[in-house]
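What follows is one structure encoded as structure tokens, with my remarks underneath.
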There are 2 protein chains.
Amino acid sequence: MELRLLRSFIAVAETRNFGAAARALMTTQPALTKQIQVLERQTGNTLFTRGRHGASLTAAGEALLADSTDLVRRADALALRMERVAMGAEGVLNVGFGMSTIDVAPRSVAAFRECHPAVDIRLEDMSSSVQFAAIREGSVHVGFVRLPAPPEMGTRVIRRDQLALAVPSGEAIPEPDRSSLRECLQDRPLIRLLKDRGPGLAAQTNELFTDLGCSPTVMYETSDLLTVLALVAAGAGWSLVPASASAIVPEGVQLIPIDLESAVWSVGTAWLLKSQSPLVPLFLQSVETNVKG
Amino acid sequence: MELRLLRSFIAVAETRNFGAAARALMTTQPALTKQIQVLERQTGNTLFTRGRHGASLTAAGEALLADSTDLVRRADALALRMERVAMGAEGVLNVGFGMSTIDVAPRSVAAFRECHPAVDIRLEDMSSSVQFAAIREGSVHVGFVRLPAPPEMGTRVIRRDQLALAVPSGEAIPEPDRSSLRECLQDRPLIRLLKDRGPGLAAQTNELFTDLGCSPTVMYETSDLLTVLALVAAGAGWSLVPASASAIVPEGVQLIPIDLESAVWSVGTAWLLKSQSPLVPLFLQSVETNVKG
DNA sequence: GGTTTCGATTCCATGCTGGCATGCAATTTA
DNA sequence: TAAATTGCATGCCAGCATGGAATCGAAACC
């Protein structure tokens with residue numbers, strides 16, 4: 001029993017006229033006659049009583065009509081659904097993001113959700129390195145990460161970010177060259193923004209220190225950026241934070257961007273290249289417009 | 001989207017292995033590969049990620065799997081149901097019966113209902129002529145009627161029945177020859193069992209009177225056999241009833257079968273010859289065993 | 001009685017479908 | 001390291017299912 005035959009059957013049952021049904025189905029009357037004959041042979045029932053004034057349903061035909069219309073309707077709904085899935089109008093999209101994209105990521109997701117309400121999009125907070133692992137195993141489809149990403153992933157740069165010195169207001173501002181910085185930071189009590197290991201902010205900070213050739217004493221360690229800035233404001237020490245944190249810098253703290261190569265990194269989106277979900281490019285485009293806007 | 005493709009898809013999705021699925025479907029692996037490719041083209045989605053260790057479902061494939069199994073299950077159920085309808089294990093059967101088959105008809109229907117519980121069988125009381133009309137228009141499928149039936153119907157004789165004189169006990173019993181009967185009945189008050197016109201009991205009675213060449217005076221008319229017999233017992237007059245009524249004859253009444261040709265008729269089943277319902281022969285067979293038993 | 005209507009039948013071309021052999025890639029085994 | 005194995009894809013070919021044009025047959029209508 002194939003859906004094609006059931007569709008033909010329904011058409012005949014509704015018009016009670018083979019010729020008219022054939023026209024509606026964009027086929028010919030002999031073809032329809034044969035199809036119904038096949039269906040009758042397959043079901044073992046005579047479905048129509050053929051009269052001179054068209055065809056009328058037998059009891060068996062009536063029984064089939066009710067169920068087959070339901071079946072065909074479901075099949076059509078399924079086809080439609082698959083079409084929506086193909087277009088990316090439906091589905092699941094897991095997005096990862098880290099501290100450094102706290103401004104872009106939620107905005108992008110919210111905008112995307114508005115455009116595609118049937119998509120189940122979720123935002124999960126995790127560091128870049130965790131995101132890379134999650135993307136690789138498929139549990140995250142697009143990540144907002146620090147670049148570069150592993151080679152099996154596609155990336156798009158959103159912006160370049162850099163480290164900045166968080167210094168209590170009123171302190172003498174060091175020149176942003178290598179030697180001044182080394183001198184400044186050497187032996188200075190430092191508040192460290194601690195996240196995971198891997199290509200994160202902590203790693204970036206370490207890289208800078210290696211570049212400068214100094215190793216400050218760490219006074220406090222915390223994983224919350226606001227806590228760090230509050231401690232700096234309270235005079236507990238200096239710190240190194242993303243320059244993009246300027247948006248949330250409290251009273252009593254100034255940020256001094258560091259223009260050294262080792263203090264600069266890119267932030268962007270990453271996704272598995274072999275992923276074929278139509279949602280990924282759709283979401284990337286949404287991000288692009290949101291970053292520009 | 002055809003059910004064949006969905007069945008193939010489900011088989012692959014369940015085994016996660018094209019070769020194994022092909023074996024299960026009694027086909028070959030290349031055929032399956034092509035079917036899935038067609039399905040993927042039709043739905044516009046990649047349904048499997050083909051790895052070295054078999055195939056695994058994509059997100060789109062997962063979405064399709066749930067709905068398609070449901071769809072296929074429904075289609076199978078429908079096919080099964082049609083099979084049952086074809087076998088006569090399911091359906092509607094309307095049976096008509098009259099006074100003269102009050103013994104056989106309900107028993108046959110009850111027995112049939114027990115054997116085929118899914119069949120919605122209904123018994124309706126109506127005279128033979130009404131049954132013929134109902135059978136012709138399809139509202140009754142099998143009737144218990146007086147024979148003969150119209151030529152477009154098939155028939156089977158259940159038994160021969162005849163008219164009998166219902167006489168109060170103690171009355172002189174007339175010889176059952178034509179002249180004695182005429183003499184007896186002429187001018188005798190008669191209680192008439194009145195049903196509809198047509199080839200019914202009343203017609204049979206009239207036929208007998210024509211044959212005898214007499215026309216008794218009708219004292220009472222009623223359509224209930226028991227009332228007729230009660231009136232006879234009360235001495236209100238004589239009557240002509242089916243000889244088979246002997247089973248319910250009350251005290252004070254005796255039945256005298258009339259052996260004349262014009263007083264005899266057959267009782268049996270009738271059905272539309274062009275009816276193709278499998279329930280009809282099934283029911284007829286059931287009747288046959290019930291009549292013999 | 002001719003005409004129309006409506007379904008069934010016949011015949012034929014087309015194209016879908018499946019099967020076989022084979023290819024290709026990755027992994028396991030000797 | 002070569003051979004065997006596993007697993008899916010591809011090319012090619014045969015067979016059959018499917019559909020279309022023409023025709024038929026029966027019934028109804030004018």
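By convention in this document, chain letters (A, B, ...) are assigned in the order of the sequence lines, proteins followed by strands, and residues within each chain are numbered from 1.
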**Message:** Is it the case that the side chains of B:Gln29 and B:Thr33 hold a donor-acceptor pair, with the cut-off being a distance below 3.5 Å and no angle test?
**Reply:**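 Note: B:Thr33 and B:Gln29 side chains meet the donor-acceptor criterion.
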**Prompt:** Strictly by modelled atom types, are A:Thr49 and A:Ser56 linked by a side-chain donor-acceptor pair under 3.5 Å?
**Reply:**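 Their side chains do contain a donor-acceptor pair, which is all the 3.5 Å distance test asks for.
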Looking at [X], I'd like to know whether one of its side-chain N or O atoms comes within less than 4.0 Å of OP1 or OP2 on [N].
| X | N | value |
| --- | --- | --- |
| B:Arg50 | D:dA9 | yes |
| B:Asn17 | D:dT6 | no |
| B:Arg52 | C:dT28 | no |

How many Å lie between [atom1] on [X] and [atom2] on [N], as a whole number?
| X | N | atom1 | atom2 | result |
| --- | --- | --- | --- | --- |
| B:Glu2 | C:dG18 | CD | P | 12 Å |
| A:Arg7 | D:dT18 | CZ | C1' | 17 Å |
| B:Leu5 | C:dG18 | CG | P | 8 Å |
| A:Phe18 | D:dG19 | CZ | P | 14 Å |

Just wondering, do [Y] and [X] contact through their side chains at under 4.5 Å, heavy atoms?
| X | Y | answer |
| --- | --- | --- |
| B:Val140 | B:Val95 | no |
| B:Met153 | B:Trp271 | no |
| A:Lys34 | A:Gln37 | yes |

**Request:** Specify the residue among B:Arg4 and A:His53 whose closest nucleotide of DNA chain C lies further upstream toward the 5′ end.
**Result:**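 Result of the comparison: A:His53.
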**Asked** Does anything in residues 24-40 of chain A reach DNA chain C, meaning a heavy atom under 4.0 Å, and if so which residues?
**Response**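 The stretch gives A:Gln29, A:Pro30, A:Thr33, A:Lys34, A:Gln37 as the residues lying under 4.0 Å from the strand, ordered by number.
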**Asked** How are the rings of B:Phe144 and B:Phe283 set relative to one another: parallel (under 30°), tilted (30 to 60°) or perpendicular (over 60°)?
**Response**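 The arrangement is perpendicular - the two ring planes meet at more than 60°.
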